[in-house]
Amino acid sequence: MSSSHPDLTNTTTGWEPRFFSLLATLPPKLLVLIGIMSGALGVTSFSPFHFWPGYFISLIVFSLLVITSPSAKTACWRGSSVALGFFGTGVSWVYVSIAEYGQVGVFIAGIITLAFVSVLCLFWAFSAWLSWRLMHRFSQLPTSLWITLVLILGEFARGTLFTGFPWLLPGYAIENTWLFELLPIGGIWLSSVCVILTSSTIASLLLKRTNQVIPVLTVFTIWIGSAFLSYFPASWVEQTGTLKTTLVQGNVEQDEKWLAQTASTSLADYQQATMRHLDSDLVVWPETAITYAYSQIRPHLTSFREELTESNTTLITGVPDVSDDGKDYYNAIWATGNGFGLYYKQRLVPFGEYIPLAEYIGPILDVFGMPISNFKSGDDNQPVLQVGEWGIAPFICYEIVYAEQVRRIVRDSDFLVTISNDGWFGTSFGPWQHLQIAQFRAKEAGRYLIRATNTGITAFINEKGKIVAQAPQFEKTTLTAEAKAFTGITPYVQWGYWPTITLLMFCVAFSFLSGLLIRNKNMS
């Protein structure tokens with residue numbers, strides 16, 4: 001038996017496969033440029049651009065480059081080029097916060113940003129390398145399926161390791177497509193699998209790869225089923241009431257927010273805005289709207305809290321907290337007035353609120369003079385906040401990107417609330433991507449999501465993932481709307497990953513059988 005790999009780079013008849021297989025013969029530098037450009041194009045699928053085909057084109061090019069590679073090493077470099085274009089453009093807003101508020105200068109900010117992007121690229125590079133190896137070692141399964149399996153595992157690892165960075169997952173590209181209707185069924189991971197499988201199947205068909213029957217049928221069924229749900233939507237949850245809610249957007253300058261002279265005037269502004277809306281059931285302030293520690297400020301707000309209670313108004317606000325011994329700091333949400341509860345943030349922002357591997361990386365950042373925060377995370381099993389009779393599932397800033405965290409707590413809630421301070425990212429498209437991610441959480445959970453931010457984008461998102469009210473960015477303002485309470489759970493909240501795993505198992509099993517049938521037919 002020969003130990004050589006089957007040749008998957010050979011062209012077949014027809015101008016289409018010959019045209020696309022020319023990728024294998026182009027100069028390496030040109031292929032890298034094609035990869036970078038196609039990766040950058042993928043960012044246009046996400047907010048604020050909403051050109052959904054962009055990301056599909058990126059993944060089609062990624063698949064074409066991997067399949068036509070002469071070796072696993074070449075596939076790795078080609079996959080890296082697409083990732084570099086995608087993440088280099090897609091998370092470029094990280095540079096804004098480091099350069100403007102990190103106190104390290106433009107050059108060092110660029111190096112740190114490049115290092116961060118490079119780490120993200122590693123997951124795609126490894127996925128490209130492993131996909132090539134597997135599709136040549138186990139040719140019974142179609143190339144499109146190997147790319148889908150390996151890349152989704154790579155994306156899962158990216159969203160999990162070292163607390164993860166599940167930003168710009170493939171499924172976020174489908175907001176304006178029929179696939180958006182899959183979110184209540186399988187969440188962001190099911191939609192991500194569908195995006196990768198669709199793109200890799202198109203690439204395999206362009207190259208006339210064999211054994212694509214099952215992927216084609218699966219993709220066709222997914223899109224037709226999603227179209228049906230789009231025109232005949234399923235009802236997973238039931239409305240139980242409304243909550244008049246006011247969101248206060250303070251628009252406090254980021255470089256002034258923590259100054260002592262700003263703290264008192266900012267707090268007074270928030271209180272005055274709240275007093276004008278005591279007819280609301282709920283008033284929400286942004287992340288760390290109060291910059292005094294919870295233990296310090298609570299006694300000083302006694303009379304204010306009493307006024308809130310008398311008007312049956314609950315205030316939810318972001319506030320820092322410190323342990324009794326003064327060693328541990330927490331980013332918290334506090335509910336007071338006609339409600340109660342204190343929630344400590346569970347998912348901390350790497351390099352923003354804590355330093356991964358601090359004993360090794362911390363001294364390096366000290367050399368550059370970069371300020372270091374060292375917050376502690378809260379317990380995993382914290383109760384929801386209470387607003388009158390309603391349960392509110394709280395999430396602080398970055399936490400809303402973790403679909404499983406939202407899924408875990410939503411069962412006990414009537415609404416979702418997320419508070420954030422996206423002032424760190426200026427006029428970049430980071431805040432818009434953050435808002436889009438929140439829309440997906442609302443759709444998955446079947447709950448209204450209330451989003452209060454310091455500089456924007458403050459918004460109300462309904463249970464269908466659509467924005468129903470939105471405040472302008474970079475203005476001191478308030479936004480009032482009726483938030484609707486819902487009960488019940490979606491299939492995704494009930495089953496989590498299982499719809500996605502089931503789909504992949506189906507594709508693997510039937511593709512393997514199809515491959516055996518084709519092989520036996522060719523041998524007979």
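Keep in mind that this is a model prediction, so the values were computed, not measured. No hydrogens, no waters, no symmetry mates; every other heavy atom, side chains included, goes into these values.
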Considering residues, nucleotides and ligands other than Y497, do more than 12 of their heavy atoms fall under 6.0 Å from its OH?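 More than 12 within 6.0 Å, yes.
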
Check whether [X] reaches the backbone of [Y] with its side chain - one donor and one acceptor, N or O, closer than 3.5 Å.
X    : Y    : value
H434 : C397 : yes
T500 : L190 : yes
N211 : Q140 : yes
E444 : Y492 : no

Qualifying salt bridge (Lys or Arg N to Asp or Glu O under 4.0 Å) pairs with a residue from residues 179-200, counting only residues at least two apart or across chains: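 Sorted result for residues 179-200: E181-K443.
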
Side chains of residues 57-66: which donor-acceptor partners sit under 3.5 Å, not counting sequence neighbours?
residue	atom	partner	partner atom	Å
S58	OG	S38	O	2.3
S58	OG	G42	N	3.0
S58	OG	G54	O	3.4
S63	OG	L59	O	2.9

Less than 3.5 Å apart, which donor and acceptor atoms pair up between the side chains of residues 165-176 and the rest of the protein, not counting sequence neighbours?
residue	atom	partner	partner atom	Å
W167	NE1	Q433	OE1	2.7
Y172	OH	R441	NH1	2.8
Y172	OH	R441	NH2	3.0
E175	OE1	Q436	NE2	2.8
E175	OE2	Q439	NE2	3.1

Does the gap between the ring centers of [X] and [Y] come in under 6.0 Å?
X    : Y    : answer
F87  : F123 : no
Y398 : Y402 : yes
F46  : Y55  : yes

Pairing residues for T490 by the side-chain hydrogen bond (donor to acceptor under 3.5 Å, both in side chains) criterion, not counting sequence neighbours: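 Once residues adjacent in sequence are excluded, T490 has no partner under the side-chain hydrogen bond (donor to acceptor under 3.5 Å, both in side chains) criterion.
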
Can you name the residues that form a side-chain hydrogen bond (donor to acceptor under 3.5 Å, both in side chains) with T74, not counting sequence neighbours?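 T74 satisfies side-chain hydrogen bond (donor to acceptor under 3.5 Å, both in side chains) with S71 only.
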
Sequence neighbours left out, what pairs pass side-chain hydrogen bond (donor to acceptor under 3.5 Å, both in side chains) with at least one residue falling in residues 185-196?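 Qualifying pairs, neighbours excluded: none.
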
